[in-house]
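In what follows, a single structure is set out as structure tokens and then discussed.
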Amino acid sequence: MSIKLNIYESDTETVCKVYEVKRTCIKYGTAEDLIKFIADSFSKFSIENLNDLNDMDKIVSLITDSFEIVEKFVMGAIPEISSEELKSTRLDELIEFIYELIKYSLSGIIKVFSKLPKKK
């Protein structure tokens with residue numbers, strides 16, 4: 001596994017730093033926070049209704065509630081990254097980074113469970 005996250009210079013599209021995660025172990029508490037956040041988000045509104053901006057208060061709440069959790073999750077994978085550097089990432093790349101981390105973590109969990117003895 002190799003997941004990269006680009007850090008950009010202020011107000012430009014120039015990459016000034018790249019963090020690469022080759023192997024990581026997401027802490028249980030961080031995963032728990034992220035999973036709870038995702039579950040809460042889905043309970044606020046359905047993805048099918050994302051085009052309906054009449055529910056703007058729920059969308060704003062979802063975004064503002066995610067900042068702390070996203071920062072904690074990314075910093076768990078890249079301890080060297082600063083809050084300022086995180087602010088200099090592109091949102092689409094950050095979402096892809098988080099998606100790949102979750103996918104990697106889940107594959108590790110599945111691997112562990114597949115090695116457990118089967119119940120009779």
Side-chain angles (χ1 to χ4, degrees):
M1 175 211 54
S2 177
I3 308 170
K4 294 181 181 180
L5 184 62
N6 296 320
I7 310 299
Y8 293 87
E9 290 182 7
S10 297
D11 302 324
T12 71
E13 286 295 312
T14 304
V15 175
C16 63
K17 192 174 198 177
V18 177
Y19 285 103
E20 183 176 7
V21 176
K22 294 185 179 182
R23 186 177 182 330
T24 190
C25 183
I26 305 300
K27 291 186 177 161
Y28 177 78
T30 304
E32 182 182 37
D33 291 346
L34 186 64
I35 290 167
K36 283 181 182 176
F37 169 73
I38 292 169
D40 290 346
S41 300
F42 281 113
S43 70
K44 287 183 181 178
F45 58 89
S46 69
I47 296 300
E48 293 81 25
N49 294 332
L50 274 178
N51 292 328
D52 182 10
L53 296 182
N54 293 327
D55 226 356
M56 189 57 88
D57 60 326
K58 289 181 183 175
I59 294 170
V60 169
S61 171
L62 172 68
I63 292 168
T64 56
D65 291 349
S66 71
F67 293 143
E68 182 180 333
I69 293 164
V70 166
E71 184 171 345
K72 185 176 172 183
F73 192 72
V74 173
M75 290 181 161
I78 309 172
E80 311 84 38
I81 195 169
S82 70
S83 295
E84 285 306 309
E85 287 175 323
L86 190 54
K87 290 177 184 178
S88 296
T89 61
R90 286 184 23 191
L91 184 58
D92 60 329
E93 292 177 6
L94 184 59
I95 291 169
E96 181 69 22
F97 180 82
I98 291 169
Y99 170 76
E100 290 298 325
L101 275 179
I102 292 170
K103 197 166 75 171
Y104 171 76
S105 298
L106 289 176
S107 70
I109 292 168
I110 291 167
K111 188 185 295 183
V112 168
F113 279 105
S114 70
K115 293 179 181 178
L116 293 176
K118 306 288 186 237
K119 289 186 178 181
K120 295 180 181 182

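Keep in mind that the numbers below use all heavy atoms, side chains included, and drop hydrogens, waters and symmetry copies. This structure is a prediction, so every number in the text was calculated from the model and none was measured.
- Linking Ile, Leu, Val, Met, Phe, Trp and Tyr whenever their side-chain heavy atoms come within less than 4.5 Å puts I7 and I98 in one cluster.
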Using distance only, find each side-chain donor-acceptor pair of residues 67-75 under 3.5 Å and give its atom names and separation, not counting sequence neighbours.
residue : atom : partner : partner atom : Å
E71     : OE2  : S83     : OG           : 2.5
K72     : NZ   : D33     : OD2          : 2.4

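- In this structure S10 satisfies the side chain to side chain donor-acceptor pair (under 3.5 Å) test with no other residue, sequence neighbours excluded.
- Rounded to the nearest 0.5 Å, atoms OG1 (T89) and CG (L5) are 5.5 Å apart.
- Taking K17 as the reference, Y19, E85 meet the side chain to side chain donor-acceptor pair (under 3.5 Å) condition, with sequence neighbours excluded.
- Across all non-hydrogen atoms, the minimal contact from Y8 to C16 is C-SG, 3.8 Å.
- Atom CD1 in I78 sits 7.5 Å away from atom CG in L101 (nearest 0.5 Å).
- Ionic pairing of K4 and E93 is not present here: no N-O contact between side-chain nitrogen and carboxylate oxygen is shorter than 4.0 angstrom.
- A chain of hydrophobic side-chain contacts below 4.5 Å, direct or via other Ile, Leu, Val, Met, Phe, Trp or Tyr residues, connects L94 to V21.
- Residue E96 holds its CD atom at 12.0 Å from CG of L91, rounded to the nearest 0.5 Å.
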